[in-house]
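Some notes on the structure that comes next.
Both counts, for ligands and for their atoms, begin at 1 and track the order of listing. Everything quoted here is computed from the prediction, not taken from an experiment. Sequence positions, counted from 1, serve as the residue numbers for this chain.
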Amino acid sequence: MNRISVMKPWLGAAESEALAEVVASGWVAQGPRTAAFEGAFAEHQHVQHAVATSSCTTALQLALIVAGVRPGDDVVVPSFSFIATANAPTYLGARPVFADVEESTGNLSADTVAAVLTGKTTAIIAVDQGGMPLDLEPLRHLCDERGIALVEDAACAAGSTYRGNPVGGGADVSAWSFHPRKLLTTGEGGMLTTNNAEWAARARRLREHAMDVSAAERHGSTLAPQEHYGEVGYNFRMTDLQAAVGLVQLGKLDAMVQRRRELAQRYREAFGGMSGLRCARDPEHGTSNFQSFWVEVLPEFRMDREQLIEKLAADEISARRGIMAAHRQPAYAGHPGMVSPLPVTERLTDNTLILPLYHELAEHEQDRVISSVLTAGGG
Ligand SMILES: *Cc1c(COP(=O)(O)O)cnc(C)c1O
């Protein structure tokens, strides 16, 4: 019996050819393909500006800088997220303040954010967890009323929609990941998107040492203009090798989302009769790309979450514990950003697991996962 993994990127000959072309061109650093990928991504996501970065983590760091977050500020984040969400404000010397999430989506809500605001809050980072679109409008309202920047960590959410539009465009600035754990991958890579031209221009400089003339521009002219460094920047660049793969992957994104949504629907139908399992589902306000198909193991299930993961492993199926909680990690132990209890976060992180879901998962393989879960639950 072959092992079913929890996730597999969908890569093929077109990506290999695109890579070979970049190598043959002799320009492998950030250059024309990165610019083309930025343009195509902005168009796909219905935003005005896209700035490619080395990862979502670095895009989040830039997002907070251009949004004006300063050392000593408070930035509200969910603990219920990959740890990079909490790390971004920490890098700036700001304090990540943990807010709880809503049970149905695993995302921040205006109520959970309002409960932890302080006089020093200058930004919130709201996550589309596992691709589940966050409910933007109430957060937008809360932030606008108080002059707080709304940053969207859309790392998992390329292809998810909010009220009929791609997610991300309604925040002040959004960050995306192209790590292979997400749908669209460039190996490593990320993107910052915004409709604010000044913020985009500053992010574009900051990701390249804050140079006022990019390396690609200087290389393109025989008599290179003298560059200047207006502030202390970073090397957060994407390479053209990555961007070439990204362009191919972007062309496949809609098909990936469609396939994942079909497979998610098959899971939901199969588990619909089990009172012991709660499955991820679209919220009323949008559609998920199902980057992660999570289920919550309820007390009615015959096993607990750990036992179910072991049972699946015995059947040669890889599942994963659900989303982590940053406040439980040693890096944030005793952290001053724990200002209120996080009961929903703790329940979800303890009782959810992620089932295999990827583009090339065959129905007969998914059926193996389904029957393993059904047998485990006694359903
Ligand atoms: C994956 C992920 C990140 C980090 O993305 P990288 O591109 O690996 O830096 C950040 N936030 C969330 C919610 C993620 O899922």
Side-chain angles (χ1 to χ4, degrees), residues 6-7 9 34 37-38 41 50-65 75-92 96 98-99 101-102 105-108 123-134 136 139 150-160 167-168 171 173-193 203 207 234-239 242-243 245-246 249-250 260 280 288-294 320-327 329 331-332 345 348-349 352 354 357-358:
V6 71
M7 169 64 193
T34 304
F37 183 38
E38 290 172 337
F41 192 79
V51 180
T53 56
S54 51
S55 70
C56 180
T57 303
T58 54
L60 279 172
Q61 194 177 334
L62 290 184
L64 292 177
I65 295 171
V75 177
V76 177
V77 299
S79 167
F80 188 67
S81 183
F82 183 60
I83 199 157
T85 311
N87 286 347
T90 306
Y91 297 148
L92 271 73
F98 295 120
V101 292
E102 38 170 45
T105 59
N107 292 332
L108 294 183
I124 75 169
I125 306 179
V127 180
D128 303 287
Q129 193 50 256
M132 193 65 72
L134 59 91
L136 185 93
L139 289 172
L150 177 50
V151 178
E152 189 164 340
D153 180 344
C156 305
S160 298
V167 298
V173 52
S174 297
W176 310 80
S177 173
F178 307 129
H179 183 272
R181 182 67 187 85
K182 326 297 180 182
L183 274 69
L184 185 173
T185 188
T186 59
E188 292 277 0
M191 195 76 83
L192 175 152
T193 59
R207 65 132 181 228
Y234 305 87
N235 180 357
F236 288 166
R237 284 177 294 211
M238 177 180 277
T239 69
Q242 294 162 302
V245 173
Q249 288 267 298
L250 184 62
R260 297 181 82 96
S288 177
N289 62 4
F290 290 104
Q291 184 264 345
S292 288
F293 186 83
W294 52 260
R320 290 283 178 275
R321 284 173 194 83
I323 316 304
M324 62 173 290
H327 76 278
Q329 294 300 315
Y332 288 97
T345 295
L348 293 181
T349 199
T352 53
I354 292 166
L357 188 70
Y358 49 88

Working for side chain to side chain donor-acceptor pair (under 3.5 Å), residues Asp153 and Thr85: CA-CA 7 Å; Asp153 180 344; Thr85 311; 2.9 Å; yes
Candidate pair Glu38 and Arg207, rule salt bridge (Lys or Arg N to Asp or Glu O under 4.0 Å), full reasoning: CA-CA 14 Å; Glu38 290 172 337; Arg207 65 132 181 228; 2.9 Å; yes
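With hydrogens and angles left out, the side-chain atoms of Tyr332 and Thr90 include a donor and acceptor closer than 3.5 Å. For Thr58 and Gln61, the side-chain atoms include no donor-acceptor pair closer than 3.5 Å.
Between Phe41 and Phe178, a ring centre-to-centre spacing shorter than 6.0 Å is recorded.
Looking at residues two or more places apart in sequence or on another chain, you find a salt bridge (charged side-chain N to carboxylate O under 4.0 Å, His left out) between Arg321 and Glu306.
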Taking a 3.5 Å cut-off between nitrogen or oxygen atoms, can you list every pair linking ligand 1 to the protein, with distances?
unit_1: ligand 1; atom_1: 5 (O); unit_2: Ser177; atom_2: OG; d: 3.3
unit_1: ligand 1; atom_1: 7 (O); unit_2: Cys56; atom_2: N; d: 2.9
unit_1: ligand 1; atom_1: 7 (O); unit_2: Ser177; atom_2: OG; d: 2.7
unit_1: ligand 1; atom_1: 9 (O); unit_2: Cys56; atom_2: N; d: 3.4
unit_1: ligand 1; atom_1: 9 (O); unit_2: Thr57; atom_2: N; d: 2.9
unit_1: ligand 1; atom_1: 9 (O); unit_2: Thr57; atom_2: OG1; d: 2.5
unit_1: ligand 1; atom_1: 11 (N); unit_2: Asp153; atom_2: OD1; d: 3.3
unit_1: ligand 1; atom_1: 11 (N); unit_2: Asp153; atom_2: OD2; d: 2.8
unit_1: ligand 1; atom_1: 15 (O); unit_2: Lys182; atom_2: NZ; d: 2.7

